[in-house]
Structure formats: structure tokens, C-alpha cells
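A note on names: the letters A, B, ... follow the listed sequences, proteins ahead of strands, and every chain is numbered from 1. None of the values given here were measured: they were computed from a predicted structure.
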Protein chains: 2
Amino acid sequence: MSPRRSTADAEHTRERIIARAIEIASVEGLEGVSIGRLASDVQMSKAGVLGRFGTKEALQRDTLEAAIDIFRAEVWEPSLLAPPGLRRLAAICEHWISYLERGVFPGGCFLTAASCEFDDRPGPVHEAIADAHRLWLATLEAEVRAAIDNGELSRDYDPAAVAFRLNAYAMGANQALQLLGDARGAALAHDAMREVLGLPRPRRRRATAKPRKPRGAAAPARRR
Amino acid sequence: MSPRRSTADAEHTRERIIARAIEIASVEGLEGVSIGRLASDVQMSKAGVLGRFGTKEALQRDTLEAAIDIFRAEVWEPSLLAPPGLRRLAAICEHWISYLERGVFPGGCFLTAASCEFDDRPGPVHEAIADAHRLWLATLEAEVRAAIDNGELSRDYDPAAVAFRLNAYAMGANQALQLLGDARGAALAHDAMREVLGLPRPRRRRATAKPRKPRGAAAPARRR
DNA sequence: CCTACCGATCGGTAGG
DNA sequence: CCTACCGATCGGTAGG
């Protein structure tokens with residue numbers, strides 16, 4: 001056999017395990033990923049699966065990390081094509097809504113689900129989720145500050161308030177789409193995100209059939 | 001023994017089981033409520049616990065229903081003292097934030113947790129959660145319509161958009177408080193809720209130490 | 001990576 | 001409401 005075969009195969013096997021774990025966890029939760037079921041799904045023995053990670057908790061951490069990588073690749077990285085500040089924030093919102101609408105994870109936003117599941121369970125998985133969330137909020141806040149420095153947003157805007165609201169709208173959209181199966185959630189969140197950023201409403205998306213009024217003024221998330 | 005004793009005891013026992021199930025479920029999720037653990041916690045046999053409900057799923061439904069009753073008693077019922085429309089909406093927001101801040105459930109908002117846990121698991125528990133969420137959104141929308149009819153809000157306000165945003169802010173506050181342990185989430189949500197309703201900022205709550213600017217204009221959640 | 005196994009716990013049932 | 005039990009599955013280990 002080729003000298004690299006076992007290493008390459010091992011990496012491939014690991015990726016297959018993680019990919020399946022992400023699918024299961026996005027629907028059943030990270031705690032719902034059981035080693036026996038995972039082994040049967042990827043046609044391996046339990047010991048074979050567990051051997052890659054050591055413990056279930058390590059498997060959960062690696063699964064979470066891979067899911068965060070997907071979120072980053074879907075929402076953050078494509079937004080780097082836009083310049084820092086308001087245009088990048090607008091790009092993030094577009095990609096974020098698209099990520100939720102397309103159902104990148106079968107069970108809806110993985111990070112929201114993991115956040116709810118582990119918000120009161122102490123331990124390394126909780127810490128990893130909280131760190132990822134804090135990092136994302138800080139990233140959004142940094143872009144708001146850049147927009148202020150660019151003169152695109154008034155100095156009255158509070159970066160923490162804007163980040164809080166954008167994140168809240170994304171969670172609301174995820175709930176509408178996943179729990180209620182209500183596609184209007186994406187448009188409601190999209191409108192709200194653009195309003196928080198003081199951006200005009202874009203060409204109409206699929207939304208309610210209600211009569212439209214002229215658009216309102218931007219909604220400032222001001223400092224207190 | 002008194003003729004009513006067994007019935008009263010049975011009811012009391014049932015309440016003890018449900019009360020414990022709510023505590024467990026708010027931290028570990030509804031799926032994390034196991035009959036054996038519940039039995040041990042309330043000092044009964046597994047068969048004794050299960051006999052009350054028949055199946056685990058029925059126990060989950062009854063636990064959910066009891067949690068919804070608590071939410072209603074904490075947030076909705078005290079708001080009925082305010083007249084329909086804007087003043088009732090303001091009261092709902094106050095009680096909602098207070099409910100989240102006080103940690104009425106040990107694991108944070110039970111309904112948000114259950115919504116995340118069951119958003120992609122079909123079945124009667126999913127339906128019960130979705131029904132409860134739809135009812136709550138419809139309740140908020142009805143109050144927005146009343147506020148419009150009262151002339152307290154402009155006809156440009158979209159009731160569905162307002163309800164969506166209020167709910168999103170509550171979820172954001174819950175995440176900040178539970179996942180991050182960040183008490184500022186309550187003030188951020190409170191400010192955002194009042195802004196959506198066009199209400200002035202109230203006397204300062206415990207919030208950030210940042211310098212304050214004069215308050216901004218109300219944030220209209222207008223029809224498209 | 002495998003087979004074979006560990007003790008613990010799961011939801012649920014039989015029989016009283 | 002109890003004891004006693006069912007088959008299934010859990011996370012994890014021994015030994016190779």
C-alpha cells in the first residue's frame with residue numbers, strides 16, 4: 001500500500017464522522033450524538049469512532065468547531081469581499097439570512113441550537129459555544145465601529161446594541177423558519193437588520209401581501 | 001382516612017412530579033427528563049411516575065403545558081391590569097424582561113429552550129410548542145392592532161414586524177443572560193423593545209457605563 | 001481499526 | 001402505588 005494511504009484515509013474517515021455528527025447534532029442536539037449510532041451510520045465499530053476522539057465530549061467539541069467553520073465560511077468569509085464598515089455589515093446580513101433560508105444545517109442554525117442546549121450546562125462545550133458567540137458579537141461590533149469611523153453611521157450608534165439586535169433578528173428568523181415553517185421570518189429579519197443599519201429597503205423579497213407604505217426612517221440603535 | 005385523601009394526594013404527587021420535571025427540562029431539555037431520574041428525585045418508583053402520564057411523551061406534553069402556564073402567569077396575566085394597546089404592550093415588555101432577569105426557570109426561558117430543542121423533531125410536542133409560539137405572536141399582534149386603533153401607534157406599523165422584533169429581543173436577552181452570563185442583555189432588550197414601540201427610554205437601568213447621548217427617535221417597524 | 005465485553009441507564013410492561 | 005423484570009442502548013475499556 002502507498003505510504004500515505006493510512007494517513008489520508010484516517011483524515012477522510014474523520015471528516016465523514018464529523019459530517020454525520022453535524023447532521024445529527026443540528027436536529028437532535030450535541031447531546032443526541034451517540035457513539036453507537038454514529039458508528040452504525042458511518043459503518044464503523046464504536047471503538048473505531050471513539051478512538052478518533054477519545055471521549056464523547058471531545059467529539060462534541062470537534063463537531064462544534066467544524067460547525068463554526070461552516071458558519072464562518074458561509075457568512076463571514078464571503079463578506080470580506082466588501083470593505084470594512086457599513087458595506088461589510090450589509091453583506092454579512094445578506095449572507096446570514098441566506099444561510100438561514102437555505103437551511104445549511106438540516107436542523108437550522110447549529111450555533112443557536114447549541115447555545116440553547118448548553119446555556120446552563122457548565123463545562124468545556126459551554127465555554128466553546130460562549131466563546132464563539134462572544135467572538136461573533138465582537139466582530140459585528142468592530143464593523144459598526146468601522147462604519148462610524150468611516151462616517152457611514154452616526155456616532156450615536158451603540159455598537160453593542162447594533163450587534164445585539166442583528167443577532168436577535170437572526171435567532172428570530174431561525175425560529176420562524178424552523179419551528180413554524182414560516183418563510184416570512186427571513187424577510188422580517190432582513191427588513192429589521194437593514195433598518196437597524198439605517199439602510200433602505202432593497203428590492204422586494206417574497207414577503208407579506210400587505211399594502212406597502214413609503215419606507216420609514218432608519219432605526220437608530222443609539223447610545224443611552 | 002378521609003374520602004378525598006387519595007384524590008388530593010394524587011394531585012399533589014402529580015404537581016410534585018411536574019415541578020421537578022420543569023426544573024430538569026429547563027436545564028437539560030425536555031428529552032433530558034428521564035423517568036428513572038424523576039422517580040428518584042421525587043422518591044417514587046419508576047412505575048409510579050410513569051403510571052401518572054402513560055408515556056414519556058405525555059409527560060413531556062404535560063410539563064410543557066405547566067411551563068406555559070407559568071409564562072402566562074408571569075408575563076401575560078399581570079399585563080391585563082393595563083388597558084389594551086400600547087400601555088399593555090409596555091407592561092408586557094416590562095414583565096417579560098423581569099421574567100428573564102429573575103430566572104423564573106433555572107435554565108432560562110423554558111419556551112425558547114423547548115423551541116430550539118424540538119424545532120426539527122416532528123410530533124405532538126413540536127406541535128404544542130409551535131402552537132404556543134404562534135398564539136403568543138398573535139397575542140402581541142392583537143395588542144399592536146389595538147394600539148393602532150387607539151391612535152397610539154401610526155398605521156404604518158406592521159403588527160407582525162413588531163411582534164417578530166419583540167420576540168427576537170427576548171430571545172437575545174435570554175441568550176445573553178444564560179449563555180454569556182451578561183446582565184447587560186436585559187437592558188439591551190429593554191431599550192430595543194421600547195424603541196420598537198416608540199416609547200421613551202425610562203429611568204436608567206443598570207446598563208453600560210458609556211456616556212449617554214440624548215435619546216433617539218422611535219424606531220418604526222413599518223409595513224413594507 | 002476490530003470483537004467482545006463492562007456496568008449503568010433508558011422507556012416501558014407484568015402482575016399484584 | 002409497588003417489585004421485578006424486559007430488551008435496547010448508553011459511554012467507555014480490554015486486548016489484540
Side-chain angles (χ1 to χ4, degrees), chain A residues 1-21 23-25 27-64 117-118 121-126, chain B residues 1-21 23-25 27-64 117-118 121-126:
Chain A
M1 54 182 117
S2 135
R4 289 192 182 172
R5 186 180 172 274
S6 64
T7 304
D9 278 8
E11 185 52 35
H12 178 239
T13 299
R14 202 194 122 92
E15 281 168 10
R16 277 177 55 233
I17 296 171
I18 291 285
R20 182 67 191 132
E23 287 175 9
I24 296 172
V27 175
E28 320 259 1
L30 272 168
E31 212 60 60
V33 178
S34 84
I35 293 154
R37 178 178 171 191
L38 204 45
S40 136
D41 286 358
V42 300
Q43 312 228 59
M44 289 172 62
S45 68
K46 279 172 55 179
V49 169
L50 199 53
R52 299 260 163 198
F53 305 96
T55 65
K56 177 173 178 176
E57 189 177 274
L59 166 63
Q60 288 177 324
R61 274 189 280 112
D62 289 358
T63 301
L64 176 68
E117 186 180 2
F118 278 88
R121 300 189 195 205
V125 179
H126 172 103
Chain B
M1 53 182 119
S2 135
R4 287 193 183 169
R5 186 181 174 274
S6 63
T7 303
D9 277 8
E11 185 52 35
H12 178 240
T13 300
R14 202 194 121 91
E15 281 168 11
R16 276 178 55 235
I17 296 170
I18 291 285
R20 182 66 191 133
E23 288 175 8
I24 296 172
V27 175
E28 320 258 2
L30 273 169
E31 213 59 61
V33 179
S34 84
I35 293 156
R37 177 178 171 191
L38 204 46
S40 135
D41 286 358
V42 300
Q43 313 229 57
M44 289 172 61
S45 67
K46 279 171 55 180
V49 170
L50 198 54
R52 299 262 164 195
F53 303 96
T55 64
K56 178 173 179 177
E57 188 177 275
L59 167 62
Q60 288 177 323
R61 274 188 281 113
D62 289 358
T63 302
L64 176 68
E117 186 180 3
F118 278 88
R121 301 190 196 203
V125 179
H126 171 102

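Computed from coordinates, the B:R14 CZ to D:dC1 C1' distance equals 16 Å when rounded to whole Å. Look at CD on B:E11: it is 11 Å from P on D:dC1, rounded to the nearest Å. With rounding to whole Å, A:E28 atom CD is found 14 Å from D:dT9 atom P. If you measure from atom CG of B:L59 to atom P of C:dG11, you get 9 Å, rounded to the nearest angstrom.
With salt bridges taken as basic N to acidic carboxylate O contacts below 4.0 Å, one links A:D62 and A:R14.
In plain terms, the two heavy atoms of A:I17 and A:M44 that are nearest each other are CD1-SD, 4.0 Å. Of all non-hydrogen atoms in B:R20 and B:D41, the two that sit nearest each other are NE-OD2, 2.7 Å. For A:H126 against A:F118, the heavy-atom pair with the smallest separation is ND1-O, 2.7 Å.
OP1 or OP2 of C:dG11 has not a single side-chain nitrogen or oxygen of B:T55 nearer than 4.0 Å.
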I'd like a table of donor-acceptor pairs (distance under 3.5 Å, sequence neighbours excluded) in which one partner is a side-chain atom from residues 27-40 of chain B, with atom names and distances.
residue	atom	partner	partner atom	Å
B:E31	OE1	B:R121	NH1	3.0
B:S34	OG	B:R37	N	3.3

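Heavy-atom distances to DNA chain C give each of B:G54 and A:G48 a nearest nucleotide, and the one nearer the 5′ end belongs to A:G48.
If you check distances only, the side chain of B:K46 does reach the base of C:dG12 with a donor-acceptor pair under 3.5 Å.
A heavy atom closer than 4.0 Å to some atom of DNA chain D occurs in no member of residues 31-38 of chain B.
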